[in-house]
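This report refers to the structure that appears directly beneath it.
These values consider heavy atoms only, across backbone and side chains, with no hydrogens, waters or symmetry-generated copies. Each residue takes its place number in the sequence, starting with 1.
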Amino acid sequence: MHSESPLQKVIGTMILKYDVIVIGGGHAGCEAAAAAANIGAKTCLITMDMNKIAQMSCNPAVGGIAKGQIVREIDALGGYMGIVTDATAIQFRMLNQGKGPAVWSPRAQCDRGKFIWKWREVLDGIDGLDIWQDQADELLVEDGEAVGVRTVWGVEFRAKSVVITAGTFLNGLLHVGRKMVPGGRCAEPAVPHFTESITRHGIRSERMKTGTPVRIDKRSVHFEDTEIQPGENDFHKFSYMGESRPLQQLPCWTCYTNKEVHEVLRGGLADSPLYNGQIQSIGPRYCPSIETKLVTFPDREQHPLFLEPEGENTNEMYLNGFSSSMPMDVQLAALKKIPALRDVRIYRPGYAIEYDFFDPTQLKHSLESKVLKGLFFAGQVNGTTGYEEAGGQGLVAGVNAAIHAGTSTSSDNTPLVLGRDEAYIGVLVDDLATKGVDEPYRMFTSRAEYRILLRQDDADARLTEMSYALGLAKRDRYDWWMEKKKEVEKVIHFCENTSVKPKEINGQLEALGTTPLRFGCKVSELIARPQLSIKALGEILPELKSTINSPKNRKEEIAEGAEIQIKYQGYIERERIVAEKMHRLENIRIKGRFNYSTLQEISTEGRQKLERIDPETLAQASRIPGVSPSDINVLLVLLGR
């Protein structure tokens with residue numbers, strides 16, 4: 001710990017004072033603690049086990065559809081998930097490249113152990129951030145404001161802001177068949193009492209369920225009966241900063257369930273916690289257990305499974321697609337019916353976990369509680385699922401906790417609230433605060449109405465300058481972006497202002513499978529053709545190739561950024577116009593202007609939902625389920641009155 005640590009100064013009193021306390025060392029907690037400390041708050045991260053910081057409780061993978069965009073946004077804002085992922089990735093893929101760039105999504109398989117220690121290295125290097133290994137037991141509240149926590153060891157932490165990122169640990173209950181064991185994760189204790197110390201102040205909690213698959217010994221797999229799934233080794237990565245992936249890149253493998261597997265599993269359904277009444281809470285719709293797949297799709301004869309390595313030097317493998325809480329013997333018997341796993345040995349079975357979360361409609365868009373000042377929530381305690389969703393919330397909560405504590409280095413102490421047209425993180429937070437959740441929330445590109453603006457390639461363009469002004473992104477990250485911005489603009493300017501003639505290029509165009517020119521045109525018009533790319537045209541037009549320059553080996557990244565802007569310029573501009581129209585409603589503030597219970601002009605459901613959510617703006621009101629367009633029109637008329 002650094003020399004100015006309050007732990008060293010006042011340890012004898014057992015009262016430790018900070019600006020910001022973060023409870024929980026998962027993905028939300030790590031980003032929250034780092035963000036708060038980086039913008040000037042004396043911060044303490046309280047975690048039950050320092051050796052499991054940023055533990056990947058389920059799949060050791062980061063990114064995926066829309067989730068990859070969130071990680072790139074975290075990186076552009078000055079967070080660390082992208083940097084840690086690149087440093088520990090053992091397979092990388094850019095998903096959806098057969099579709100438009102609005103839905104391209106990076107995904108990486110990581111080395112689980114190295115991921116933890118890289119995060120430790122990051123946190124240990126942040127000035128103003130302490131780590132304390134302990135368990136939060138009670139939230140301390142005075143005069144309607146969170147002022148700290150008391151731990152199971154009797155230590156009191158006092159702070160101006162408290163961030164709760166407790167993941168699945170609050171009253172966590174593990175299920176394998178009919179066996180139930182309290183726990184936050186396998187072999188880790190649950191946290192009792194802490195939920196109750198929050199809800200006694202009027203904050204609502206509910207229960208959710210998630211699960212994880214069996215872990216398999218690689219040495220027992222018959223890989224000759226699987227299909228290999230290699231990764232990609234091009235220039236793409238998560239972080240805009242730093243070098244390419246340093247670890248050995250490994251393949252994954254696919255195999256399938258079959259009728260015999262399904263028969264074994266059906267025979268065990270009577271002992272499944274999901275179907276014997278043992279689990280009442282709702283699980284993630286988009287990551288169903290294998291038994292849920294059987295019940296939901298009874299006519300399907302097979303389901304795909306993905307064997308994924310847990311690390312560079314381990315025999316442990318993750319069986320993606322086989323999440324289950326069936327009895328151990330049923331899981332093992334079913335696995336042995338798969339040809340590739342006929343001799344399978346496992347490290348541990350799959351299990352389900354139930355845990356407490358807090359209704360996120362009780363939050364402001366800053367992720368501060370509407371009920372208790374200075375109390376912030378991030379991650380699975382808000383009803384989300386996924387490391388990426390947690391990390392994005394953690395960064396927002398950490399920044400706003402520091403701002404609330406009055407320690408931000410920025411001159412502007414306005415909370416960080418990202419718009420739906422600025423970031424997937426903005427969509428995520430708005431969905432939580434406005435709509436709430438009735439199942440574990442997972443991000444998809446379809447949730448964003450402005451996904452052409454929210455591409456994975458332009459997160460730095462959307463967020464880095466704003467983050468630098470806030471004091472979160474540091475100078476090196478800002479300079480890195482400004483260099484790219486200048487080079488991309490240079491390439492676009494060249495393409496929009498340089499003409500080519502038919503006789504100079506027609507032969508090469510036909511060879512590339514596109515129609516020859518009848519008249520001269522700008523280079524940008526050629527790039528707009530689906531068959532052509534800047535890379536291909538650069539081989540034909542040496543001037544174009546020489547225009548793409550970068551002293552940091554970023555030529556491919558710069559070319560891709562310029563090409564997407566040229567190819568999709570019309571779509572991008574059209575969506576920006578739509579977003580600007582919606583901003584008019586975003587600028588009409590309505591909080592505190594209506595007593596909704598007295599408004600007989602709007603529907604009963606609309607009245608009840610508006611009263612419960614109490615939206616900040618008319619645009620937020622328009623996104624509340626149950627509030628109709630006619631209700632919004634009534635509010636507009638009343639405002640005009």
Exercise for the section: Decide whether Asp359 and Thr361 meet the rule of one side-chain donor and one side-chain acceptor closer than 3.5 Å. Expected result: yes
Problem - Validation row: Ser205, Phe358 side chains within 4.5 angstrom (heavy atoms) - result: yes
Problem - Member of Arg207, His175, Gln280, Gln278 meeting the side-chain hydrogen bond (donor to acceptor under 3.5 Å, both in side chains) criterion with Glu354 - result: His175
Problem - Test item: Phe377 and Ile164 side chains (from C-beta on) under 4.5 Å apart, heavy atoms - result: yes
Handout entry: Identified side-chain hydrogen bond (donor to acceptor under 3.5 Å, both in side chains) counterpart of Arg623 within the set Asp431, Asp430, Thr617
Key = Asp430
Problem - Derivation of the salt bridge (charged side-chain N to carboxylate O under 4.0 Å, His left out) call for Arg462 and Glu422 - result: CA-CA 6 Å; Arg462 291 183 271 123; Glu422 290 180 299; over 6 Å; no
Handout entry: Pairwise distance CD(Glu232) to CZ(Arg107) - rounded to 0.5 angstrom
Key = 11.5 Å
Exercise for the section: Classify the side-chain pair Ser324/Glu291 by whether it contains a donor and acceptor separated by less than 3.5 Å. Expected result: yes
Exercise for the section: Please name all residues satisfying side chain to side chain donor-acceptor pair (under 3.5 Å) with Asp225, sequence neighbours left out, ordered by chain then number. Expected result: Arg342
Handout entry: Check: Ser57/Arg185 side-chain N/O donor and acceptor closer than 3.5 Å
Key = yes
Practice task
Could you tell me how the ring of Phe92 sits relative to the ring of His236: parallel (under 30°), tilted (30 to 60°) or perpendicular (over 60°)?
Solution key: parallel
Exercise for the section: Taking atom types as modelled, find out whether Thr385 and Gln380 have a side-chain donor-acceptor pair closer than 3.5 angstrom. Expected result: no
Handout entry: Pairwise distance SG(Cys252) to CD1(Ile90) - rounded to 0.5 angstrom
Key = 7.5 Å
Problem - No-hydrogen, no-angle side-chain donor-acceptor test under 3.5 Å, Asn171 and Glu196 - result: yes
Practice task
Could you tell me whether the side chains of Thr88 and Asp111 share a donor-acceptor contact shorter than 3.5 Å?
Solution key: no
Exercise for the section: Mind telling me whether Phe297 and His303 have parallel, tilted or perpendicular rings, with 30° and 60° as the class edges? Expected result: tilted
Handout entry: Thr195 and Asp356 side chains, donor-acceptor separation under 3.5 Å
Key = yes
Handout entry: Lys337 side chain reached by Thr257 side chain, heavy atoms, under 4.5 Å
Key = no
Handout entry: Side-chain touch Pro251/Trp253, heavy atoms, less than 4.5 angstrom
Key = yes
Exercise for the section: Write out all pairs satisfying salt bridge (charged side-chain N to carboxylate O under 4.0 Å, His left out) with one or both partners inside residues 442-454, taking only residues at least two apart or from two chains. Expected result: Arg420-Glu449
Practice task
Would you mind reporting whether Tyr424 and Thr445 have side-chain heavy atoms less than 4.5 Å apart?
Solution key: yes
Practice task
Report yes if the distance between the aromatic ring centroids of Tyr286 and Phe444 is under 6.0 Å, otherwise no.
Solution key: yes
